Chemist: 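Right, I'll just put the structure down here and ask away after.
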Amino acid sequence: MARQFVLKREPIQEVSRLSIDYRAALNEQQLAAVTADRGPVLVVAGAGTGKTRTLIYRVAYLVDSGVRPEEIVLLTFTRRSAREMIARASALLDGRCENVRGGTFHSYCLEILRRHGKRIGFPNNFTILDSSDAADVVDILRLQIKSRIDKKRFPRKRTLQGIISGARNRDETVQEYLEQRFPQFMEYLEIISEISAEYGRYKFNHGLMDYDDLLTQTLFLLSEHRDVRNIVAGMCKHVLVDEYQDTNRIQAGLVRMLSSVHGNLMVVGDDAQSIYRFRGADFRNILLFPKQMPDTTVLKLEQNYRSTQQILDLANHIISRARHKFDKKLFSDKTEGELPTLIHAQDNRFESRFVTQVILELREEGVALSDMAVLFRSGFNSYDLEVELNRRGIPFVKYGGLKLSEAAHIKDVLAHLKVVENPRDGVAWNRILQLIEGIGPRTSQKILEWIEASPDEPFQIDESRFSPMYVEKIRALFVMLRSLVSTQLTVTDQVEVIVSYYEPLLKRIHFDDFLKRTQDLEHFVGLAESFTDRATLLSSLALDPIELTAVDVDPLTDDEPPLILSTIHSAKGLEFNTVFLIHALDGILPSAYSAGDEDAEEEELRLLYVAVTRAAERLFISYPAVQYRRFSGQYFAKQSRFLDAIPEKLLESGSLVEQESPFLAPEPEFPRLPEANIRPDNAAAETESW
DNA sequence: ACAAGCAGTTTTTTT
DNA sequence: AACTGCTTGT
């Protein structure tokens with residue numbers, strides 16, 4: 001055996017010799033995390049304990065002590081937080097942290113795969129399937145099998161795609177996953193397994209990767225190819241992971257691979273805030289971390305700097321109901337504060353008016369709009385409020401909910417770009433072919449077969465084989481596509497060419513809201529300008545979808561930083577002076593989908609916990625007592641079960657009382673809107689009190 | 001045989 | 001708003 005020489009490691013750096021006064025900026029626990037030595041470190045950090053701050057200072061500290069920024073990898077869950085952290089760390093050190101690498105797991109994996117994907121048989125121009133594209137691929141295979149097997153009822157494409165993805169994210173077989181989560185589909189086990197296998201083959205043959213592939217293929221690449229692993233991990237002197245409680249098994253494996261050369265891995269998280277179980281997150285990752293990584297240093301951050309004690313008392317009470325007890329009690333210095341309030345509103349119009357009114361009052365008092373947030377369980381919970389905010393001219397942005405790149409018309413334009421980028425992308429081909437009048441699934445499939453038969457000339461076609469009904473239209477499409485391949489057009493120019501080809505088709509298909517959709521397209525053309533090439537545009541859009549927000553707002557207030565509307569999931573890691581949690585209804589939070597599954601119900605509880613702990617000073621939880629549903633009309637709704645039996649000393653209850661102002665003009669003679677029949681005119685809303 | 005249009009149902013959360 | 005299944009039209 002060769003002789004081994006043990007090299008002594010010097011400590012990273014002494015605090016006193018650095019350019020930032022870390023001692024002054026951090027508390028003792030934070031300082032310990034920031035200045036931790038090499039090796040695996042787990043930082044367990046409760047909500048609002050300065051987790052982000054600690055990570056930022058850690059990055060700065062490493063750079064400050066001579067680690068090259070390019071050798072630091074910071075993995076986060078959203079691009080927003082990655083960008084923010086690197087920017088903030090850079091600000092600490094005059095821009096020296098700008099070259100820190102990282103981003104979301106998915107984007108970092110994409111980088112690795114673009115460079116080394118050839119080793120596992122993927123071309124470097126592969127295109128990315130978002131989950132609805134993935135469902136479209138599944139649907140192609142589903143229909144093939146459905147026509148072969150005579151079954152009447154069959155799981156839908158989204159369900160099938162969800163099953164395939166769910167199993168892969170948990171690193172389980174389809175069988176294991178079905179037994180646990182969808183026992184009712186066990187009779188389809190064979191078919192689903194077959195579709196799953198076919199799906200994998202289809203993607204491989206067409207140069208496609210879905211979100212799960214970005215993670216699993218990277219893990220596969222790194223575990224099978226030692227040389228690649230050494231190159232990639234060799235560049236990761238320090239690996240830092242945020243929100244570790246939300247990683248799944250694949251991600252935990254990736255983290256281990258990335259830190260396999262240098263062994264410097266710091267993960268930060270809070271088991272009480274694990275809210276991505278539905279996508280395979282397993283908070284056991286954080287609990288078992290010290291066992292999996294020998295000699296882990298475990299550090300805890302417990303002092304909350306964000307919220308008043310009143311808000312923390314409520315949060316502690318909520319999380320104490322969890323079956324898996326988290327023995328963590330947050331405490332704060334801010335003992336003076338308002339009690340969180342629970343508002344019972346008659347219906348969702350009342351709820352929206354209440355929220356809007358309080359927002360306006362607080363803005364008068366000097367709370368910035370951007371320091372207030374309205375949180376909700378699902379994207380559509382805020383529809384009514386959005387209308388009200390628009391009416392009052394309050395600017396807002398919405399996180400979560402519909403994404404620009406998920407709108408059908410944007411996907412159509414993107415599909416054209418994808419085909420040019422990767423002519424083997426069959427889903428994209430299908431999409432653009434079926435936009436043409438006279439071409440449906442069948443014809444599209446046939447054309448595709450012809451295209452696939454001559455891979456060298458993907459944008460040429462033998463016109464004699466087509467019905468004269470659409471041959472002209474096909475030719476126009478191919479001429480357009482060829483013009484994009486051969487020229488040196490910028491991405492924006494390419495998008496413009498596509499849009500002008502596409503607009504007439506759009507008009508035919510979505511005549512009703514043609515105008516609105518055209519505006520989106522223009523918006524999108526403008527967006528394309530910030531991208532240098534097609535591939536970057538496509539993958540950025542797939543991995544960092546742009547929120548589609550209604551920003552139709554009064555120009556006077558346009559420059560004011562907007563109010564934040566957000567799903568609870570998208571608000572993770574953020575904090576606000578004032579938080580409104582709306583639609584706190586049983587069946588919404590907790591979601592009716594979680595009924596009967598104890599683990600799922602508990603995740604809903606953690607979701608409430610996350611929402612509550614976003615607030616620094618003021619917290620309003622509200623719910624409408626009546627809900628509408630098409631056809632079934634109105635029905636009585638019940639407040640969230642999580643709010644039942646919370647002592648009044650933790651959560652004060654309030655109700656809304658309508659008050660007419662004597663100074664206001666009488667109601668107009670004719671109601672302006674149908675709803676004015678039920679409620680007084682909008683003007684009265686101005687003086688509503690509670 | 002295939003596409004288009006209509007009616008009725010169904011919508012979690014994200015990369 | 002989007003998806004599915006059904007009916008009608010070419």
Side-chain angles (χ1 to χ4, degrees), chain A residues 75-80 82 103-110 128-136 139 142-143 146 152-159 162 165 169 209-215 243 246-248 250-251 274-281 375-381 383 399-403 405-409 411 433-434 436-446 467 469-470 508-513 516-517 539-545 547-548 566-572 583 587-595 600 603-604 606-607 610-611 629-632:
Chain A
L75 294 172
T76 59
F77 263 72
T78 62
R79 248 186 222 200
R80 216 176 324 151
T104 61
F105 274 92
H106 291 85
S107 67
Y108 187 69
C109 285
L110 175 65
I128 298 170
L129 301 171
D130 69 19
S131 42
S132 75
D133 297 329
D136 288 342
D139 203 38
R142 186 184 92 114
L143 291 175
K146 203 183 169 191
K152 271 168 286 176
R153 277 181 51 78
F154 206 70
R156 305 183 163 187
K157 61 174 180 178
R158 277 236 94 107
T159 316
S165 171
N169 268 301
M209 289 218 196
D210 63 18
Y211 290 139
D212 305 328
D213 289 319
L214 294 175
L215 304 179
E243 311 280 11
D246 282 323
T247 52
N248 61 27
I250 314 288
Q251 288 163 323
S274 168
I275 53 175
Y276 282 95
R277 195 190 83 105
F278 69 93
R279 145 182 141 180
L375 306 183
F376 34 85
R377 174 68 234 261
S378 312
F380 63 86
N381 296 148
Y383 286 169
Y399 297 135
L402 265 184
K403 304 290 193 295
S405 48
E406 281 165 5
H409 44 295
K411 295 208 76 170
L433 289 171
Q434 290 184 43
I436 296 169
E437 189 170 17
I439 298 181
R442 217 45 235 257
T443 316
S444 159
Q445 196 58 43
K446 259 185 208 148
S467 141
M469 219 174 85
Y470 44 70
R508 183 183 70 86
I509 301 164
H510 298 283
F511 184 75
D512 304 343
D513 48 4
K516 205 175 78 192
R517 289 175 192 257
S539 42
S540 298
L541 243 59
L543 295 182
D544 188 19
E547 324 271 345
L548 181 61
S566 176
T567 57
I568 301 173
H569 284 91
S570 294
K572 197 170 70 155
H583 272 58
I588 299 222
L589 181 67
S591 158
Y593 281 77
S594 68
E603 176 145 307
E604 300 287 315
R606 292 195 295 269
L607 213 40
V610 169
R629 198 148 50 190
R630 259 155 296 196
F631 302 108
S632 47

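As the structure is a prediction and not an experimental result, all values here were calculated from the model. Because only heavy atoms are used, hydrogens play no part in the values below, and waters and symmetry mates are left out as well, while side chains stay in. Order of the sequence lines fixes the chain letters, A, B, ..., with proteins taken first and strands second; residue numbering starts at 1 for each chain.
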Chemist: Rounded off to whole Å, could you give me the NZ-to-P distance for the A:Lys157 and B:dT11 pair?
Modeler: 15 Å
Chemist: Please indicate yes or no: is the ring centre of A:Phe77 less than 5.5 Å from the centre of the six-membered base ring of B:dT15, with the two planes inclined by under 30 degrees?
Modeler: no
Chemist: What I want to find out is whether A:Lys403 reaches A:Asp130 closely enough, with some N-O distance under 4.0 Å, to be called a salt bridge.
Modeler: no
Chemist: Between C:dT4, B:dT15, B:dT14, spot the one nearest the side chain of A:Leu543, thanks.
Modeler: B:dT15
Chemist: Which sits closer to the 5' end of DNA chain B, A:Arg377 or A:Thr443, going by the nucleotide each is nearest to?
Modeler: A:Thr443
Chemist: So what does A:Arg279 touch, heavy atoms closer than 4.0 Å: a base, only the sugar-phosphate, or nothing?
Modeler: base
Chemist: Nearest-nucleotide wise, let me know which of A:Glu603 and A:Gly438 is further upstream toward the 5' end of DNA chain B.
Modeler: A:Gly438
Chemist: Tell me if a side-chain donor or acceptor on A:His569 pairs with a main-chain N or O of A:Ile275 at a distance below 3.5 Å.
Modeler: yes
Chemist: Nearest-Å distance, CD1 (A:Ile439) to C1' (B:dA1)?
Modeler: 15 Å
Chemist: Does OP1 or OP2 of B:dT14 have a side-chain N or O of A:Ser570 closer than 4.0 Å?
Modeler: yes
Chemist: Is the backbone N or O of A:Arg277 less than 3.5 Å from a side-chain atom of A:Glu603, with the two atoms forming a donor-acceptor pair by type?
Modeler: yes
Chemist: What's the CG-C1' distance between A:Leu433 and B:dC2, to the nearest Å?
Modeler: 15 Å
Chemist: Could you tell me how far apart A:Asp136 (CG) and C:dC3 (C1') are, to the nearest whole angstrom?
Modeler: 11 Å
Chemist: Does the side chain of A:Gln251 come within less than 4.5 Å of A:Phe77's, by heavy atoms?
Modeler: yes
Chemist: Kindly point out which of B:dT14, C:dT4, B:dT15 is positioned nearest to the side chain of A:Thr567?
Modeler: B:dT14
Chemist: Between P on B:dT13 and CG on A:Asn169, what's the gap in Å once rounded to a whole number?
Modeler: 17 Å
Chemist: From C-beta outward on A:His106, which listed nucleotide comes closest to its side chain: B:dC2, B:dT13, B:dT15?
Modeler: B:dT15
Chemist: Take atom OH of A:Tyr399 and atom P of B:dT15, then tell me their distance rounded to the nearest Å.
Modeler: 12 Å
Chemist: Answer yes or no: does a side-chain N or O of A:Ser131 lie under 4.0 Å from OP1 or OP2 of B:dT15?
Modeler: no
Chemist: Using a cut-off of 4.0 Å on non-hydrogen atoms, how would the nucleic acid contact of A:Ser594 be classed: base, sugar-phosphate, or nothing?
Modeler: nothing
Chemist: B:dT11 P sits how many Å from A:Tyr383 OH, rounded?
Modeler: 14 Å
Chemist: Are side-chain heavy atoms of A:Ser132 and A:Glu406 found at a separation under 4.5 Å?
Modeler: no
Chemist: If the cut-off is 4.0 Å, is A:Tyr593 near the phosphate of B:dT12, judged by side-chain N/O to OP1 or OP2?
Modeler: yes
Chemist: For the side chain of A:Thr78, counting heavy atoms from C-beta on, which of C:dA2, B:dT15, B:dC2 is nearest?
Modeler: B:dT15
Chemist: Among B:dT13, B:dC2, C:dA2, which nucleotide sits nearest the side chain of A:Arg517?
Modeler: C:dA2
Chemist: From the options B:dT12, B:dT15, B:dT13, select the nucleotide whose nearest atom is closest to the side chain of A:Ser591.
Modeler: B:dT12
Chemist: For A:Ser591, give me all partners under side-chain hydrogen bond (donor to acceptor under 3.5 Å, both in side chains), at least two apart in sequence or on another chain.
Modeler: none
Chemist: Roughly how many Å is it from CG in A:Leu607 to P in B:dT13, rounded to a whole number?
Modeler: 11 Å
